Number of protein chains: 2
Amino acid sequence: MEKRAKHPVRTTEKSLTLIDELNRRGGARITTLADELSMGKSAIHNHLSTLEEHGFVVKNGNTYELSLRFLDIGGQLRSEMDVYRVAEPQVEALAEESGELVHFVVEEGGEGVYLCRAKGERAVDLDTYVGCRHPMHSSAFGKAILSHLPDQRVEEIIDRHGLPSVTPKTITSRDELYDTLERTRERGFAVDDEERLEGLRCIAAPIRFDSEVIGAISISAPTARIDDDWAENEFVEQLRRTANVIELNKYKV
Amino acid sequence: MEKRAKHPVRTTEKSLTLIDELNRRGGARITTLADELSMGKSAIHNHLSTLEEHGFVVKNGNTYELSLRFLDIGGQLRSEMDVYRVAEPQVEALAEESGELVHFVVEEGGEGVYLCRAKGERAVDLDTYVGCRHPMHSSAFGKAILSHLPDQRVEEIIDRHGLPSVTPKTITSRDELYDTLERTRERGFAVDDEERLEGLRCIAAPIRFDSEVIGAISISAPTARIDDDWAENEFVEQLRRTANVIELNKYKV
DNA sequence: AGACAAATTCTCACATGGAGAACAGATCAT
DNA sequence: ATGATCTGTTCTCCATGTGAGAATTTGTCT
């Protein structure tokens with residue numbers, strides 16, 4: 001999975017580095033990039049012109065930026081996913097019903113990727129965006145998914161990404177994680193008690209198809225609005241129902 | 001704008017060609033790609049491994065696919081655009097109010113890029129997705145934007161993309177286009193009468209900031225639900241109001 | 001198991017990427 | 001305006017890295 005390329009194409013790597021850097025900075029000029037990446041100006045110019053000619057980069061005056069071509073490709077990938085098409089309207093509905101912030105997430109490369117996001121009436125304002133990635137172990141959706149993945153996959157993911165802590169409550173040991181996953185499996189839903197952001201609690205339910213997890217939906221709300229005895233929360237029932245609808249509709253596709 | 005790179009980086013071009021091809025096919029195996037693009041298998045393997053190592057490609061068994069990394073980058077670009085953040089809630093509201101399909105679009109590289117999409121109660125089911133691109137001359141949003149772009153920009157765009165026809169009613173001559181843009185400017189809104197899809201009509205209003213167009217919002221509905229005397233349509237007023245709210249809120253950012 | 005198909009690795013000749021310098025174009029201060 | 005200065009673009013040539021093709025490994029089907 002995380003194998004290193006035996007014969008990496010260095011030129012391509014340079015282009016990708018430039019893309020990364022433009023992404024990080026939200027656009028930059030040639031001189032800046034040359035200084036930062038210690039490459040020659042001409043090299044950078046050649047790469048950026050090539051990327052521009054192919055529509056991956058746009059030039060505004062003297063600064064180069066990544067183009068919306070990325071959104072095109074990404075949006076196309078998403079719209080071609082059956083799960084997404086089935087989940088999208090249900091996420092909207094759940095946001096309306098619960099009034100909170102609802103996400104639909106899938107796993108890729110050991111991280112969670114947000115595919116939909118819908119805000120209810122009193123939803124909190126998180127800085128998530130469609131497409132953004134988040135570690136699995138420090139989120140409710142991540143634990144919902146992990147709890148139904150074979151142990152070997154879970155190991156791979158931990159090996160690859162570690163268990164970085166984001167808040168004081170983040171799970172940082174394998175044993176603790178496996179315990180939590182065990183409890184998650186029993187309960188059928190996962191929780192995040194300020195493990196990714198202080199003041200925020202989340203509840204998530206896995207979405208399964210042919211006995212494989214294909215994603216998870218989650219509700220996020222301020223700690224004050226999610227009671228201490230999680231299981232009795234109305235959100236749990238709403239999530240369960242929504243997850244179920246998605247699973248059933250998925251079979252019809 | 002559409003300058004050709006004087007010193008294209010051929011290796012990067014090969015990688016980009018592979019990305020295009022994977023995008024077109026929605027994933028492919030090495031042998032297929034080698035046959036299709038007449039490149040050696042080892043070359044393809046090297047490129048794909050490199051792209052995989054950097055997270056732009058994922059391997060499922062023997063088939064390689066583009067990764068959701070593209071959605072990540074694209075989503076980030078979008079979420080960092082002030083217009084988007086301001087327009088998004090208004091698009092939702094307009095969809096609810098009108099009951100139809102509402103889009104928010106910006107121009108990039110001479111094409112329209114859909115940034116938001118919201119469906120009202122009885123919205124038609126178009127195959128647009130967030131990030132998808134559409135020619136400017138054969139859509140209401142495109143004409144709304146073109147009508148406020150300097151003539152020279154319009155010329156550039158026509159030179160670059162031509163005026164391909166999509167339906168029998170698509171505008172295909174420069175004169176006709178300029179006439180329509182003139183009328184669009186006078187009226188303050190643009191229309192599309194089955195010019196991009198038979199049976200579909202759209203109305204669009206430009207969104208301006210500091211006397212520059214920065215995008216457009218549009219309502220799409222079946223021909224039957226948009227009356228022949230466009231200006232008296234309730235959608236026109238709704239669009240005007242929404243466009244205005246977006247423009248005003250944009251100043252606060 | 002055996003046979004077949006596909007991906008992966010290896011090696012080396014030669015295409016090509018990029019450093020550095022020269023040039024052109026923009027921006028700014030005087 | 002005029003020149004100074006900064007930044008982007010073009011040019012040239014040699015060290016580098018790419019990729020064809022064969023060899024090997026891995027995986028799949030009968």
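Protein chains get the first letters and strands the later ones, always in sequence-line order, with residue 1 at the start of each. Both backbone and side-chain heavy atoms feed into the values below; hydrogens, waters and symmetry mates do not. The shown structure was predicted, so the numbers you read here are calculated from the model rather than taken from an experiment.
- Contacts between residues 21-35 of chain A and DNA chain D, counted as heavy-atom distances below 4.0 Å, involve A/R29, A/I30, A/T31.
- Of the candidates B/H134, B/R117, B/R133, B/R117 is the only one forming a side chain to side chain donor-acceptor pair (under 3.5 Å) with B/T128.
- Checking side-chain atoms of A/T50 against main-chain N and O of B/V9 turns up a donor-acceptor pair under 3.5 Å.
- One finds a salt bridge joining B/E182 and B/R185 here, because a Lys/Arg side-chain nitrogen approaches an Asp/Glu carboxylate oxygen to under 4.0 Å.
- Aromatic pair B/Y114/B/Y129: centroids not less than 6.0 angstrom apart.
- A perpendicular orientation is assigned to the rings of B/F56 and B/F70, their planes being inclined by more than 60° (bins at 30° and 60°).
- The phosphate of C/dT8 has OP1 or OP2 within less than 4.0 Å of a side-chain N or O from B/Y64.
- Taking atom CG of residue B/N60 and atom P of nucleotide C/dA6, one finds them 18 Å apart after rounding to whole Å.
- D/dC29 atom P lies 11 Å from atom CG of B/N62, rounded to whole Å.
- Computed from coordinates, the B/L48 CG to C/dT9 C1' distance equals 15 Å when rounded to whole Å.
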Collect all protein-nucleotide pairs involving nucleotides 18-25 of chain C in which both atoms are nitrogen or oxygen and the distance is under 3.5 Å.
{"from": "C/dG18", "atom 1": "OP1", "to": "A/K14", "atom 2": "NZ", "distance (Å)": "2.6"}
{"from": "C/dG18", "atom 1": "OP2", "to": "A/H47", "atom 2": "NE2", "distance (Å)": "2.7"}
{"from": "C/dA19", "atom 1": "OP2", "to": "A/G40", "atom 2": "N", "distance (Å)": "2.7"}
{"from": "C/dA19", "atom 1": "N7", "to": "A/S42", "atom 2": "OG", "distance (Å)": "2.9"}
{"from": "C/dG20", "atom 1": "O6", "to": "A/S42", "atom 2": "OG", "distance (Å)": "3.1"}

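- In this structure, B/H45 does not reach the C/dA7 phosphate: none of its side-chain N or O atoms is under 4.0 Å from OP1 or OP2.
- Two rings, from B/F141 and B/F104, have their centers 6.0 Å or more apart.
- One can place CD of A/E52 at 13 Å from P of D/dG8, the figure rounded to the nearest angstrom.
- Between A/R153 and A/E156, at least one side-chain N (NZ, or NE/NH1/NH2) sits under 4.0 Å from a carboxylate O, which counts as a salt bridge.
- Under the side chain to side chain donor-acceptor pair (under 3.5 Å) criterion, the residue pairs touching residues 14-30 of chain B are A/T12-B/S15, A/R69-B/D20, B/S15-B/H47, B/E21-B/R24, B/E21-B/R25, B/R25-B/E36, with sequence neighbours excluded.
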